[in-house]
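What follows is a short report on a single structure.
Residue numbering restarts at 1 for every chain, and letters A, B, ... go by the order of the sequence lines. In what follows, every heavy atom counts, from backbone to side chain, and hydrogens, waters and symmetry copies are set aside.
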Amino acid sequence: MLDDFMIRAGLAALGTALAAGPLGCFVVWRRMAYFGDATSHAAILGVALALGQGLAVFPGVLGTALAMALAVHALSGRGLAHDTVLGVLSHGALAAGLVAVALTGGVRVDLELYLFGDVLTVTRGDLAWIWGGAALVVGVLVWRWRRLLTATLSPDLAHASGIAPRREALVLTLLLSAVVAVAIKVVGALLITALLVIPAAAARGAARTPETMALLALAAAAVSALGGVQVALWLDTPVGPSIVCVAVMLFAGSLPLRVLGAARG
Amino acid sequence: MTPLIEAKGLEFGPKAAPVLRDVSLRVDPGEIVTLVGPNGSGKSTLLRLMIGALAPRRGTVRRARGLRIGYVPQSLVLDPSLPITVRRFLDLPHRVGDAEAEAALAQSGADGIAHKQMAALSGGQFQRVLLARAVLNQPQLLILDEPTQGLDQPGQAAFYRRIAALRREMGCAVLMVSHELHVVMSASDRVICLNGHVCCEGTPEVVSAAPAYRELFGTGTGGQLALYRHEHDHAHEGGGAAHHHHHHHHAEG
């Protein structure tokens, strides 16, 4: 069954959605969108380094994303993670990655594949990475859900309950780099943040509790992922942008719900 | 008696202009301790040091092992992107049963709003929900930072009656910041007057008579404070200099 590239593509997209939907809620609640950009852009640098050294791409992506995420986490602890610093890191990592890819010379790298994703080229090995990473992300989210939520709601309330908000922020940071590694082949480095933020934003309108918002975001991400793969096949468009377009349409469709929700109070 | 929480020699803020210096404070089981002091005197900072949200530049905060704290912050702004009902808010970080949640809401004067969105609450309702959450999970110590802001006068009086009732029913200690001097003076076992340092502390009677306290609040603070006014003439304390004196009037027992 896994021999069919369509089935592999669908499974890869689903696995990515599984992780990105719920984690995306935290990205929205904590306003970490720029943080997500910096981490995912660093992945391009990881691609270049991995290919330059003749290594597998996934560990390279995970490594650089992790390094960037930890750097931003450390900066945020010193009150430095403002838009400007994150902007410098985010675009600096992207530019350095693009330059590094060019410098690797001999190896012909299909850069588009990592910038915009190409889920149709996903192999069985890739699938193992994607589903392993997604299971890890979901598992940790479920395990620490109340702690993560309390720390997100109010760091002071967390402290009073004996929860260290910085530690929970670090957990989310690590999960974010895992999602980047999972999603890079599906939506590409440029649009990973979109897959985190847009399904969560679409889920906000109909949700009355954090848990329903996470589940709705998961559903929205899954519909976007599978729908995007379909659209890409029909119209022969790049997969990553197609997935994001479907997600944006879901978001637009959710706006009336949001207005209703506001009226209902 | 082993203190529930004890701070020793706390110093916080830049060395040149510390927000707090040489502040020591202990709360014993079952007592109600109130911090009073002018704006910017470091009251909220001290409470946040006590819960560990801030780290002191010098000094230590020691909690009793496994201390359960119920905390009501001075202000809490919830991000509107996070939908949450009152009922689910009470589940953080420890899940509680429905009956328990209803009881806590009723005890705090916030019954019947469990299904509402936190974002849709009025200021007074929000404050009561925060208190309801704080009294769940059998706290040994309630730390309340200006818990009655947003409540009208009858609401404030009712709030302090509930605090006293909670102490009777659950035996928990209370450490709070308050501006309602007349209520503070009638509802506290011990009052600590803070202005960057501990100006004076002791029973309400002792503190309201202390020259340092009068320096900060004047003698005409009105309300029930007058009940405690022992009209000592403290002119001999030497005017402004009295402000810097440390008066350690400890409560008996």
State whether a side-chain donor-acceptor pair under 3.5 Å links A/His41 with A/Ser90. yes

Is B/Glu11 salt-bridged to B/Arg21, going by a charged N under 4.0 Å from an acidic O? no

Is B/Arg87 close to chain A through its backbone or its side chain, or both, or neither, when contacts mean heavy atoms under 4.5 Å? neither

Greatest number of non-hydrogen atom pairs under 4.5 angstrom with chain B, of A/Thr212, A/Leu153, A/Val28, falls to A/Leu153

With a 4.5 angstrom heavy-atom cut-off, could you sort out which part of A/Ile163 is near chain B: side chain, backbone, both or neither? side chain

State whether B/Glu31 and B/Arg167 are salt-bridged, where the test is any N-O pair (Lys NZ or Arg NE/NH1/NH2 against Asp/Glu carboxylate O) under 4.0 Å. no

From the list B/Gly70, B/Pro83, B/Pro93, the residue making the most non-hydrogen contacts under 4.5 Å with chain A is B/Pro83

Does A/Arg166 CZ have over 12 foreign heavy atoms under 6.0 Å away? yes

Using non-hydrogen atoms and a 4.5 Å limit, figure out which bit of A/Arg31 sits close to chain B: side chain, backbone, both or neither. side chain

Contact part of B/Asn137 toward chain A, heavy-atom cut-off under 4.5 Å: side chain, backbone, both or neither? neither

Check whether B/Leu78 gets within reach of chain A through its side chain, its backbone, both or neither, counting any heavy atom under 4.5 Å. side chain

Which atoms of B/Ile84 are under 4.5 Å from chain A, going by heavy atoms: the side chain, the backbone, both sets, or neither? both

Part of B/Arg68 within contact of chain A (heavy atom distance under 4.5 Å): neither

With a 4.5 angstrom heavy-atom cut-off, which part of A/Pro210 approaches chain B: side chain, backbone, both or neither? both

Between B/Arg62 and B/Glu6, is there a side-chain N and carboxylate O pair less than 4.0 Å apart? no

Top of B/Pro139, B/Ser81, B/Ala134, B/Pro73 for chain A proximity - count of heavy-atom pairs under 4.5 angstrom: B/Ser81

Pick from B/Leu82, B/Asp79, B/Ile143: which one has the most heavy-atom pairs with chain A under 4.5 Å? B/Leu82

For the CG atom of A/Leu175 and the OG atom of A/Ser177, what is their distance to the nearest 0.5 Å? 8.0 Å

Is there a donor in the side chain of B/Tyr160 and an acceptor in the side chain of B/Ser178, or the other way round, less than 3.5 Å apart? yes

Hey, what do you get for CD (B/Gln140) to CD1 (B/Ile69), rounding to the nearest 0.5 Å? 9.0 Å

